Amino acid sequence: MSSISNSAETLPVIIGEKEYFSGIDKISYEGRESDNPMAFKYYDEKRSVAGKTMKDHFKFAVAYWHSFCGTGGDPFGLPTKNFPWLSSNDPIQQAKDKMDAAFEFITKLSVPYYCFHDFDLIEEGASLSESARRLEIISDYALEKQKMSGVKLLWGTANLFSNPRYMNGAATNPDFAVVAYAGAQVKHAIDITIKLQGENYVFWGGREGYMSLLNTHMKKELDHFATFLHMVKDYARKQGFTGNFFIEPKPMEPSKHQYDFDAATVIGFLRQYDLMEDFKLNLEVNHATLAQHTFAHELQVAADAGLLGSMDANRGDYQNGWDTDQFPNNIYELVETLLVFLEAGGLQGGGVNFDAKTRRNSTDPDDLFHAHIGGMDAFARALLIANEILENSRYKSLRETRYGSFADGEGKTFEEGNMTLETLADIAGRNGEPPLTSGKQELYENLINQYL
Ligand code: XLS
Ligand code: NI
Ligand code: NI
């Protein structure tokens, strides 16, 4: 394997015993005129925008599960992707091969972070202790790879949804034995996240919800969920973990109804159960749209509560109603997203994780590169546009003017909460019927188009 270099600027490419993406070199920025598909056209990690480099704005991360584990099987057909790193029948060897492939890919792409579920790294064992042993081995290997490459762990998480034991939920399971098992699994996942200096820890509760309300005691399950989160947080803090915990909302799939429905629901839950201090949100584009929201809406809700932690970047399909997890490419929508992102001052502790997969029929090794390069370029381009709009257009002043009646006088007194309903009614009586004021939506929409 290549030598150690911790210089933040030029991270080395790390290749294991075997080169999995041969013929592909380190991807670099060549600008929009380049016709090299294996180069960034907009993502220039050193370029400063609104006082921060692109690298620091985004903290891009590669998702282990989609990129190195997802082989393209679907309910109608067998896997299509013959990943060579999955060929060994020995789980330890297979996990090491997979990690070699992952670090080769991540370092060739020059992405600074990755994210994983515990059993993305290595196949779950037949017992808790065997799983713990395997996680120990593979996290040692990961630590070595991280040191060599300078790649960091954005967040760790536990897969509490794939194993049949979690079919009725994990922390919200009606059977205490399953809740305990989930606790043991999360404890290990926290331990390896700390060992690998993970900056955050995520909870996505795919099975924390119900399939039928008829057999479900919702209040009990939510109380249990909160108790569980408090326990995890107390344990992790005791072990010295100083990062954020993130909850990732999603309204449904795989459960009919998931408790972490959307940003507003999760914020209500965190408030109710006194978890606001330690938890923030990890928002995902396709989860927002499943909840009938735009992604910008979800970011705004989180930002307004001071809880905009991290994001899972992907996109849905307008004609399909499920979590298709495609790579982002819609610049107009990304600009809307990044306007909120920039105005909020960016993400708190998190980054932009590509929770996205290449299509089932994208079967070449280079497709994984095209997908990520495209996603990173789309974000970079949208960032430049959103920043232009904020700095040079009438966007901000238009909105400020719209609320100008609260800037001083009686409007301000109202806004500060120093008015009675009687006074409010008197003012209306004095003013009479208020004039109609246009919302000017089309004008705002045109502004984005103008700066694209
Ligand atoms: C599934 C989720 C999942 C989380 C991590 O829809 O997006 O991938 O990000 O458990
Ligand atoms: Ni996700
Ligand atoms: Ni998702």
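The figures that follow rest on heavy atoms only: side chains count, while hydrogens, waters and symmetry mates do not. Model, not experiment: these values are computed from the prediction. For ligands, and for the atoms within them, numbers begin at 1 and follow the listed sequence.
For the Ni ion (ligand 3), the tally of protein N/O/S atoms lying closer than 2.8 Å stands at 3.
In this structure, atom 8 (O) of ligand 1 lies nearest to the protein heavy atom D355 OD2, 2.9 Å. Protein heavy atom closest to atom 2 (C) of ligand 1, with residue, atom name and distance, is E248 OE2, 3.3 Å. Of all protein heavy atoms, the one lying nearest to atom 5 (C) of ligand 1 is H117 NE2, 3.2 Å.
Cation-pi check for K96 over Y141 is met; the charged atom lies under 6.0 angstrom from the ring centroid and within 45 degrees of its normal.
Against a heavy-atom cut-off of under 4.0 Å, D312 is close to the following atoms of ligand 1: 9 (O). Heavy-atom proximity to W65, at under 4.0 Å, picks out these atoms of ligand 1: 8 (O).
Among residues two or more places apart in sequence or in another chain, the salt bridge (Lys or Arg N to Asp or Glu O under 4.0 Å) test is passed with R133 by E130. With sequence neighbours left out, the side-chain contact (heavy atoms from CB on, under 4.5 Å) criterion links N89 to no other residue.
When only interatomic distances are considered, the shortest N/O to N/O separation between W204 and ligand 1 does not fall below 3.5 Å.
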Handout entry: Residues F245, L229; criterion side-chain contact (heavy atoms from CB on, under 4.5 Å); working and verdict
Key = CA-CA 9 Å; F245 295 95; L229 294 178; over 6 Å; no
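A salt bridge (charged side-chain N to carboxylate O under 4.0 Å, His left out) check over residues 57-68, counting only residues at least two apart or in different chains, returns the pairs K59-E199.
Considering F161, Y201, W204 as possible partners of H117, the one that fulfils the ring-ring contact (aromatic ring centres under 6.0 Å, His included) test is F161.
Remark: R237 engages D278 in a salt bridge, criterion side-chain N to carboxylate O under 4.0 Å.
Counting heavy atoms closer than 4.0 Å to ligand 1, residue D323 contributes side-chain atoms (C-beta onward) but none from N, CA, C or O.
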